[in-house]
Each structure stands twice: as structure tokens, then as C-alpha cells.
Asks: 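Shown below is the structure under consideration.
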2 protein chains.
Amino acid sequence: MPETDIALIDMSVLEQVAPIIRNAAHPLRLRILDFLRQSDGPRNVTNIVEACESGQAFVSQQLRILKDQGILECRRTGSFVYYQVANPAIFHLIDCIRSQQRCG
Amino acid sequence: MPETDIALIDMSVLEQVAPIIRNAAHPLRLRILDFLRQSDGPRNVTNIVEACESGQAFVSQQLRILKDQGILECRRTGSFVYYQVANPAIFHLIDCIRSQQRCG
DNA sequence: GCACGATATAGGGTTCTTGTGATATACTAG
DNA sequence: CTAGTATATCACAAGAACCCTATATCGTGC
């Protein structure tokens, strides 16, 4: 009887976690996360747009997606909005990509 | 000058890696990977279908997606096809989900 | 050859994602 | 209030993902 009672991760957990990973796994969003990873603290949207070399509207939408997933959080200071990572677990992904440039 | 020369992961790397992670980040495909993670060796399609509690055709399609991404590999033995993980880096994802049941 | 179990593929409707251009909102300075 | 910068949202068309049913292929045994 080698295999009958393997304890697998519960399907409900996978259903909860999959969209978070899936939403992070986009080139521009990984770039945002990597940029925040390499930064000392929160960064405002203009900083992020520059790091992404992409359009403002598009970056703003990606920030919203990451925020809606609970991956990022933000606070407004004057006319600037500063973003930072809300759930540091996502850094495992970034670090994994950094360490081996082809992992998953 | 606090931030001008941060070394970010190259965009071409992110573009290469994103679809791999994205393709793994699906509940059923995570289940497949978790099942293979917890198994001692390769498993055939029937085993995997049972572990997934899903339809044979659908699971077969997911296996193909994972194989096309280079995440899985397979070999035929008689009328059975045995799948196993081709790139163990993907186990980092699974282990991360296992260790903290809400990471990314 | 035939029948059967194991696996893969095709077809297709529905829904989600992507990236863009235009526009709206928020805040500051004057 | 006005102008200007910073940020968010809307609308949309092209494409991709999802998941199902039906069917095809491959291998074995007779």
C-alpha cells in the first residue's frame, strides 16, 4: 500500500492561493514587486512607472490588481500615493526568480 | 541619490518566468504538482485523475499544459503514461503554500 | 482482426485578461 | 478659482483561459 493516504493540500486552500500567485505572475507586476523588493521603503506611482518603463494608466491598473489581491497596500501623502508590499510572503517568489533565473 | 541604480531582474527574464508560474497557479494544476510532490515517484494519469477528483479529459489537458511549460515530463510504459516534475524549482511554490497557507 | 482500458485531442461557449487612449478625480500652488 | 501635476478609472477590442462533451488514438490481450 504505497500511496493511498497521501495528505494533499486542501482544494479550498489551492483555490484561495492560486489567484494570488496568478496575479503576481505577470511580467509587469513582477517588475513592480521586484522594484519594491529592492527599494528601502514605499514608492510612489511615478517612481514605479519609471521603473516599469510603461504607461501610467497601465501601471496604475496593475497596482490596483495587486492591491485588490492583498499583495500591496498604499497610503496617500499629499498628492502622492505610496505603495508597499502588504504580504512579504510574495518575496519568496521574487527571491526564487532572482536565485535561479528560470524557477517557478 | 537613494534609488537611481537599483538592479532589477531583467524584463526578458520576467517575461520568460511569468507564464511558467502563471500556468502552475491554477487550483487543479497545483493539486497535480502537490500530488507529485507527495508521491515517491512518477504517477500515471489514472492516479492523478483520482487525486484530482476531476474529469479525465480535463486533467489530461492540464497535464499537457504543465508539460508544454517544461514543468512536467512523462514517459510511456505499456498503456500507462507516467508523469513527474521536470523542474524541481516548482516545488518551492508548493512548499511555500504548504508552509504558510496563504503565501504567494 | 476485435474489444477494452488508458490517454489525448477537438470543438465550442463562456468568461477573464491584456494593453491602449481618453477621461476623470485628487491635491497643490498661486 | 485656475493651472498643473499625480493618480485612478472607463471603455473597448483582441486574445487567451476555462471547462465541458464528444471523439480519437494508443497499447494490450484474445
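Here the structure is a predicted model, which means the values were calculated and not measured. Scope of the values below: all heavy atoms of this structure, side chains included, with no hydrogens, waters or symmetry mates. Within every chain, numbering begins at 1; the chains are lettered A, B, ... in the order of the sequence lines, protein sequences first and strands thereafter.
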Asks: Taking CZ from B:Arg64 and P from D:dA17, how many angstroms apart are they, rounded to a whole number?
Replies: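 Distance check: B:Arg64 CZ to D:dA17 P gives 13 Å.
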Asks: Contact class for B:Phe58 vs. all strands (heavy atom < 4.0 Å): base, sugar-phosphate, or nothing?
Replies: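 Base, at least one base atom sits under 4.0 Å.
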Asks: Side chain of B:Val81 only, heavy atoms from C-beta on: which candidate in C:dA8, C:dT18, D:dA8 is closest?
Replies: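 In terms of side-chain proximity for B:Val81, the closest of C:dA8, C:dT18, D:dA8 is C:dA8.
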Asks: Could you tell me how far apart B:Phe80 (CZ) and D:dG29 (C1') are, to the nearest whole angstrom?
Replies: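 In whole Å, D:dG29 C1' lies 13 Å from B:Phe80 CZ.
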Asks: Under 4.0 Å, counting only non-hydrogen atoms across every strand here, what does A:Thr46 touch: a base, just sugar-phosphate, or nothing?
Replies: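 Sugar-phosphate, no base atom in range.
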Asks: Specify the separation, in whole Å, of atom CZ of B:Arg22 and atom C1' of D:dA16.
Replies: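 These atoms are roughly 10 Å apart.
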Asks: Within the structure provided, determine whether A:Asn44 and A:Ile48 are in side-chain contact (heavy-atom separation under 4.5 Å).
Replies: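 A side-chain contact under 4.5 Å is absent here.
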Asks: Report the distance from atom CD of A:Glu53 to atom P of C:dT20, rounded to the nearest whole Å.
Replies: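 Distance, rounded to whole Å: 14 Å.
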Asks: Please tell me which of A:Thr77 and A:Asn23 maps to the more 5' nucleotide of DNA chain C, matching each residue to the nucleotide holding its nearest heavy atom.
Replies: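 The 5'-side residue here is A:Asn23.
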Asks: Does a side-chain N or O from B:Arg29 land closer than 4.0 Å to OP1 or OP2 of D:dC18, or not?
Replies: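 Yes, within the criterion.
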Asks: Is there a donor on the side chain of A:Gln61 or the base of C:dT17 sitting less than 3.5 Å from an acceptor on the other?
Replies: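 Side chain to base: no pair below 3.5 Å.
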Asks: Are B:Leu28 and A:Met11 side-chain neighbours, meaning at least one heavy-atom pair lies under 4.5 Å?
Replies: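 Counting from C-beta outward, B:Leu28 and A:Met11 do come under 4.5 Å.
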Asks: Does the side chain of A:Ile71 reach to within under 4.5 Å of the side chain of A:Asn87, using non-hydrogen atoms?
Replies: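 Result no, sub-4.5 Å side-chain heavy-atom pair not found.
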Asks: Is there a side-chain contact between A:Ser60 and the phosphate of D:dA8, meaning an N or O under 4.0 Å from OP1 or OP2?
Replies: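 Yes, because at least one side-chain N or O of A:Ser60 sits under 4.0 Å from OP1 or OP2 of D:dA8.
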Asks: Tell me, do B:Ile65 and B:Arg29 make a side-chain contact under 4.5 Å, heavy atoms counted?
Replies: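 With C-beta onward as the side chain, the pair touches.
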Asks: For D:dA8, does the base pair up with any side-chain atom of A:Gln56 as donor and acceptor (N or O, under 3.5 Å, distance only)?
Replies: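 Under the 3.5 Å cut-off, the side chain and the base do form a donor-acceptor pair.
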Asks: For B:Gln62 and C:dT7, give me the distance from atom CD to atom P, rounded to whole Å.
Replies: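 Between P of C:dT7 and CD of B:Gln62: 16 Å.
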Asks: Does any donor atom in the side chain of B:Gln69 or B:Arg22 lie under 3.5 Å from an acceptor atom in the other side chain?
Replies: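 No, because no side-chain N or O of B:Gln69 sits under 3.5 Å from a partner of the opposite role on B:Arg22.
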Asks: When you measure from the side-chain N and O atoms of A:Arg76 to the phosphate of C:dA26, is any distance below 4.0 Å, counting only OP1 and OP2?
Replies: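 Answer is no, no contact under 4.0 Å.
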Asks: Within this structure, what is the OH-to-P distance between B:Tyr82 and C:dT7, rounded to whole angstrom?
Replies: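 B:Tyr82 atom OH is separated from C:dT7 atom P by 8 Å.
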Asks: Quick one: B:Asp68 CG to D:dA16 C1', roughly how many Å, whole number?
Replies: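 Answer to the nearest Å: 15 Å.
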Asks: Among C:dT7, C:dT9, C:dT28, which nucleotide sits nearest the side chain of A:Ser79?
Replies: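 So the nucleotide nearest the side chain must be C:dT28.
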Asks: How close or far is atom P of D:dA6 from atom CZ of A:Arg43, stated in whole angstroms?
Replies: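 In whole Å, D:dA6 P lies 15 Å from A:Arg43 CZ.
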